[in-house]
Amino acid sequence: DPSKNIREPTAYAIGEYYFTLLLLTIKPEAKVSPLEEVYIGSGKRDKVKSIIRRLKYDELTILAKENLENAIIKILEKYENKFVEFFNKAGPINIKLHSLELIPGIGKTVLEKILEEREKEPFKSYEDVEKRVKGLKNVKKMLAKRIIDELSGNEKIKLFTA
């Protein structure tokens with residue numbers, strides 16, 4: 001447990017732009033709930049005292065790992081346009097592999113359908129992607145799984161994490 005020698009309240013956090021895993025200290029008077037969004041940027045922080053360091057996925061507690069998917073889904077909902085844009089703009093990585101195929105559940109057949117549909121008209125939302133592409137269900141969960149795979153070090157190619 002990375003927080004074991006720290007003598008003040010701590011919290012695990014995930015950055016909403018590059019999905020950076022962080023260990024934070026919390027101000028003594030502050031209360032932070034699981035999955036609560038807290039400000040860690042420059043300027044006045046309401047609840048966060050300091051950012052101790054970046055964490056590796058393996059350093060997270062079991063509870064933090066259990067909450068991770070829901071935290072990522074919250075971010076995917078907040079920035080839906082950015083991630084839907086990925087479906088509209090993602091290109092091939094090389095001759096044999098398209099970046100969309102790196103999303104769990106997307107194989108050649110589903111890839112062809114996505115490319116076909118986005119040619120007709122760009123996707124507007126996760127719901128739009130799911131409605132227009134047969135075989136795609138719960139796009140947010142698929143994206144969250146990919147992000148967790150990247151965070152846990154199981155993927156060489158990074159689509160969403162730093």
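Predicted model, so just to flag it, every value in this text is computed and none were measured. Numbers here simply count residues along the sequence, with the first being 1.
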*Is the CD atom of Glu127 crowded by more than 12 outside heavy atoms at less than 6.0 Å?*
no
*Just by modelled atom types, is the Glu155 backbone N or O under 3.5 Å from a matching donor or acceptor in the Glu150 side chain?*
no
_Heavy-atom donor-acceptor pair, Arg45 side chain to Gly41 backbone, under 3.5 Å_ = yes
*Are any non-hydrogen side-chain atoms of Asp128 and Val84 less than 4.5 angstrom apart?*
no
*asked:* Quick check on Glu121: does its CD atom have over 12 non-hydrogen neighbours (other residues, nucleotides or ligands) under 6.0 Å away?
replied: yes
*Answer whether the closest heavy-atom distance between the side chains of Lys137 and Met142 falls below 4.5 Å.*
no
*Between Arg146 and Leu159, what is the shortest heavy-atom contact and its length?*
NE-CD1, 4.1 Å
*Using a strict 4.0 Å threshold on nitrogen-to-oxygen distance, state whether Lys49 and Glu8 make a salt bridge.*
yes
*Same cluster for Leu143 and Ile157 if Ile/Leu/Val/Met/Phe/Trp/Tyr side chains link at under 4.5 Å?*
yes
*Backbone N or O of Leu76 within a donor-acceptor pair of the Tyr126 side chain at under 3.5 Å?*
yes
_Using modelled atom types and a 3.5 Å cut-off, is there a donor and acceptor pairing between side-chain atoms of Thr20 and backbone atoms of Gly15?_
no
_Lys141: side chain to side chain contact (heavy atoms under 4.5 Å, CB included) partners, not counting sequence neighbours_ = Glu69, Ile73, Asn138
*Inspect the contact between Glu80 and Lys140 and indicate whether a charged nitrogen and a carboxylate oxygen are less than 4.0 angstrom apart.*
no
*Would you mind reporting whether Asn88 and Phe123 have side-chain heavy atoms less than 4.5 Å apart?*
yes
*Could you please spell out the steps behind the side chain to side chain contact (heavy atoms under 4.5 Å, CB included) verdict for Phe87 and Val133?*
CA-CA 11 Å; Phe87 280 89; Val133 180; over 6 Å; no
_Close side-chain approach of Asp46 to Tyr39, heavy-atom, < 4.5 Å_ = no
*Does Lys65 count as lying over the ring of Tyr57, i.e. NZ or CZ under 6.0 Å from the six-ring centre, within 45 degrees of the axis?*
yes
Indicate every side-chain donor-acceptor pair of residues 99-115 with a distance under 3.5 Å to a residue at least two apart or in another chain.
residue, atom, partner, partner atom, Å
Ser99, OG, Gly91, O, 2.5
Glu101, OE1, His98, N, 2.9
Glu101, OE1, Lys108, NZ, 3.2
Glu101, OE2, Lys108, NZ, 3.0
Lys108, NZ, Lys96, O, 3.0
Lys113, NZ, Glu117, OE2, 3.2

*asked:* Working note: Phe160 + Phe83, criterion ring-ring contact (aromatic ring centres under 6.0 Å, His included); need CA distance, chi angles, decisive distance, verdict.
replied: CA-CA 9 Å; Phe160 305 111; Phe83 293 98; 5.7 Å; yes
*Cluster link Ile72 to Leu63, ILVMFWY, side chain under 4.5 Å*: no
*Pair Glu36 + Lys47, salt bridge at N-O below 4.0 Å*: yes
*Can you name the one residue among Leu21, Leu23, Leu68 that meets side-chain contact (heavy atoms from CB on, under 4.5 Å) with Tyr12?*
Leu23
_Ser152 side chain to Asp149 backbone, donor-acceptor under 3.5 Å_ = yes
_For Tyr17, all residues meeting side chain to side chain contact (heavy atoms under 4.5 Å, CB included), sequence neighbours excluded_ = Tyr79
*In terms of heavy-atom contacts, does NZ of Lys82 have more than 12 from other residues, nucleotides or ligands at under 6.0 Å?*
yes
*Do you know the tightest heavy-atom contact between Ser50 and Thr25?*
OG-OG1, 2.6 Å
*Quick check: are there more than 12 heavy atoms from other residues, nucleotides or ligands sitting under 6.0 Å from CD1 of Ile62?*
no
_side chain to side chain contact (heavy atoms under 4.5 Å, CB included) against Lys134, all qualifying residues, sequence neighbours excluded_ = none
_Could you list the cluster mates of Ile95? Members are the ILVMFWY residues connected by side-chain heavy atoms closer than 4.5 Å, either directly or through other members._
none
*Report yes if some heavy atom in the side chain of Ile14 is under 4.5 Å from a heavy atom in the side chain of Leu151; otherwise report no.*
yes
_Co-members of the apolar cluster containing Ile26 [side chain, <4.5 Å]_ = Leu22, Leu24, Val32, Val38, Ile40, Val48, Ile51
*Any chance you could measure Glu37, atom CD, to Leu35, atom CG, to the nearest 0.5 Å?*
11.0 Å
